[in-house]
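Sequential numbering from 1 along the given sequence is applied to the chain's residues.
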Amino acid sequence: MELVAGCYEQVLFGFSVHPEPKADGDHEKWTPVADFTHHAHTASLSALAVNSRFVVTGSKDETIHIYDMKKKIDHGALVHHNGTITCLEFHGNRHLISGAEDGLICVWDAKKWECLKSIKAHKGHVTFLSIHPSGKLALSVGTDKTLRTWNLVEGRSAFIKNIKQNAHIVQWSPRGEKYIVVILNKIDVYQLDTASVSGTITNESRISSVTFLSESVLAVAGDEEVVRFFDTDSLTCLCEFKAHENRVKDIFSFEIPENHVIVTASSDGFIKMWKLIQDKKVPPSLLCEVNTNARLTCLGVWLDKVTDRKESLPPAAELFPVSKEQSKSNKKDSGHVVQEEEKQSKPNTKKCGLTGVSNKPTKGSSQVLTKKRKTEMLGKKKRKKNKI
């Protein structure tokens, strides 16, 4: 596996992690080894996403860079947004969705790296987005104080909810039965079947990142050294532990055989990996840590063997029932497809979720592919000037 993290200093770090067999009576320890650094962006990194082949990074330089992790090469850059890239998320290995400060949400073909759909999603910035596990719906929040539900089958707005404040995080639960919306230090828990708030969790500081550990347990990191686990049903704090010496900027979780792991990145420069105990009321144990000596902003974990989500999906109508009142609201303020004047081809209108979006790009799709370059490997004595 590979730890990847971006920072204010415009660099992407890669560390290969090697689990070590546990000796009798000893705590399990893993060893991170510096693998590469890559300086492709011209501004700080702001978002990162991973699938089984690629790592993509977004930046304040308004570009998305693609890295082929199997070949360890720079695969090129996507240039479509006019503003800081605020969020990136893969759905399996076939599609990537990006959001930015230009108010656009773009759906990308992650094979051909073409823009399949570009939607004017928010009147202000898109601050966060989350794809439903089915791939048929997405949620987004922005600086226009709205929470928007997107029908990815048809590429249009399904429902708009005014939330009175600017939310900066939205996240589906693993099974997609609930979702959370974060505003400052408060987490509103919504139930899918009612589309209404079932409860609110209050953290002690502004929340910077969240990740679901199960359908009901949420890990929360904020502008402090502590990480907390909350039960989204009872709305109680199950446990908390000091993770870093400075504020925690991002948190990520994944499961591999015999291990459920969370990873934290902090402004103190450290990335740490923690082994979760089955009882979430017990704090996790530290597996390993590495100091990047950089101000970290985002992180992910690339696993060499990741399977796509199941292709057999329930109908979209069963996932998010829309009332007549909501439908009227949609007609008044629905998102629209942004089209550039230079290209005249019509966007494909075939109705399909992210599991089967047409490969024909919409107007406005744009891509810049650079010559494939090897990433700079730490430890090499001789480096060519043109090599990264």
Side-chain angles (χ1 to χ4, degrees), residues 1-17 32-81 84-100 106-113 129 131 209 211 249-254 256 261 263-265 271 273 290 292 294 296-309 367-378 387-388:
M1 73 183 75
E2 188 102 10
L3 276 176
V4 286
C7 63
Y8 282 110
E9 289 79 6
Q10 308 170 12
V11 173
L12 177 69
F13 295 98
F15 297 90
S16 57
V17 180
V33 178
D35 189 15
F36 68 85
T37 58
H38 188 31
H39 194 160
H41 290 285
T42 58
S44 61
L45 276 69
S46 52
L48 186 152
V50 180
N51 70 5
S52 64
R53 179 69 182 267
F54 298 101
V55 170
V56 293
T57 56
S59 167
K60 289 186 176 182
D61 65 9
E62 306 180 354
T63 67
I64 301 168
H65 272 266
I66 312 161
Y67 313 94
D68 187 324
M69 293 299 292
K70 290 186 180 292
K71 296 181 179 180
K72 292 291 173 63
I73 56 174
D74 187 328
H75 197 70
L78 304 175
V79 182
H80 186 88
H81 289 286
T84 297
I85 310 300
T86 54
C87 42
L88 294 166
E89 185 173 341
F90 278 107
H91 181 73
N93 288 324
R94 297 176 61 183
H95 299 95
L96 170 72
I97 295 190
S98 62
C106 296
V107 181
W108 302 88
D109 182 328
K111 298 291 185 183
K112 297 181 179 179
W113 296 109
L129 61 85
I131 306 171
S209 183
T211 185
K249 293 290 290 183
D250 204 359
I251 187 168
F252 184 89
S253 70
F254 65 95
I256 55 175
V261 180
V263 190
T264 56
I271 305 171
M273 303 185 79
V290 60
T292 64
L296 299 174
T297 57
C298 49
L299 71 87
V301 177
W302 178 73
L303 301 173
D304 201 0
K305 295 180 181 179
V306 178
T307 56
D308 278 336
R309 299 175 190 265
Q367 174 191 25
V368 175
L369 280 180
T370 60
K371 185 178 179 181
K372 292 184 178 180
R373 300 169 291 175
K374 293 185 178 179
T375 52
E376 177 181 353
M377 312 306 273
L378 294 177
K387 212 172 198 179
I388 55 172

Quick one: do His91 and Asn51 satisfy side chain to side chain contact (heavy atoms under 4.5 Å, CB included)? Show the steps, please. CA-CA 8 Å; His91 181 73; Asn51 70 5; over 6 Å; no

One should read off an interatomic distance between Ile73 CD1 and His75 NE2, to the nearest 0.5 angstrom, of 7.0 Å

Notebook entry, point to check: If we only count heavy atoms from C-beta on, is the Arg53 to Asp68 side-chain gap below 4.5 Å?
Noted result: yes

Per side chain to side chain donor-acceptor pair (under 3.5 Å), Gln10 is matched among His39, His38, Lys60 by His39

Determine whether Glu89 and Leu129 make a side-chain contact, defined as any pair of heavy atoms from C-beta on separated by less than 4.5 Å.
yes

Between the CD1 atom in Ile85 and the CD atom in Glu62, the distance rounded to the nearest 0.5 Å is 7.5 Å

Looking only at heavy atoms, the pair that brings Thr297 and Leu45 closest together is OG1-O, 2.8 Å

Checking Val263, Thr264, Thr211, Val261 against Ser253 for side chain to side chain contact (heavy atoms under 4.5 Å, CB included), the one that qualifies is Thr211

- Do Ser209 side-chain atoms and Ile251 backbone N/O form a donor-acceptor pair below 3.5 Å? yes

In this structure, CG of Leu96 is separated from CZ of Phe54 (nearest 0.5 Å) by 11.0 Å

Interatomic distance, OG1@Thr86 vs NE2@His81, rounded to 0.5 Å, equals 8.0 Å

Worksheet item: Do Asp250 and Leu296 touch side chain to side chain, with heavy atoms closer than 4.5 Å?
Response: no

Distance col, row Thr63:OG1 vs His80:NE2, nearest 0.5 angstrom, shows 14.0 Å

Of all heavy-atom pairs linking Pro32 and Val290, the shortest is CG-CB, 4.0 Å

Check the angle between the aromatic planes of Phe254 and Phe252 and answer parallel, tilted or perpendicular using the 30° and 60° thresholds. tilted

Indicate yes or no: at least one non-hydrogen side-chain atom of Ile131 is less than 4.5 angstrom from one of Phe90.
no

Q. Side chains of Thr84 and Ser46: donor-acceptor distance under 3.5 Å anywhere?
A. no

Would Val301 and Leu3 satisfy side chain to side chain contact (heavy atoms under 4.5 Å, CB included), going step by step from the backbone distance to the final call? CA-CA 5 Å; Val301 177; Leu3 276 176; 3.8 Å; yes

task: Would you sort out whether Ile64 and Ser98 count as a side chain to side chain contact (heavy atoms under 4.5 Å, CB included), showing the intermediate values?
output: CA-CA 9 Å; Ile64 301 168; Ser98 62; 3.7 Å; yes

| said: Measuring only between side-chain heavy atoms, which start at C-beta, is His65 closer than 4.5 Å to Ser59? | reply: no

Are the side chains of Tyr8 and Lys249 in contact, using a 4.5 Å heavy-atom criterion?
yes

Are the aromatic ring centres of Trp302 and Tyr67 under 6.0 angstrom apart? no

Query raised in the report: Does one side chain, of Ser16 or Asp35, offer a donor that lies under 3.5 Å from an acceptor on the other?
Result: no

*Note, Leu12 side chain near Leu48 side chain (heavy atom, < 4.5 Å)*: yes

Check your understanding: Are Met69 and Val4 close enough that some pair of their side-chain heavy atoms sits under 4.5 Å apart?
Key -> yes

inquiry  = For a side chain to side chain contact (heavy atoms under 4.5 Å, CB included) check, start with the C-alpha distance between Val50 and Glu2, then their side-chain angles and the critical distance, and finish with the verdict.
reply    = CA-CA 10 Å; Val50 180; Glu2 188 102 10; over 6 Å; no

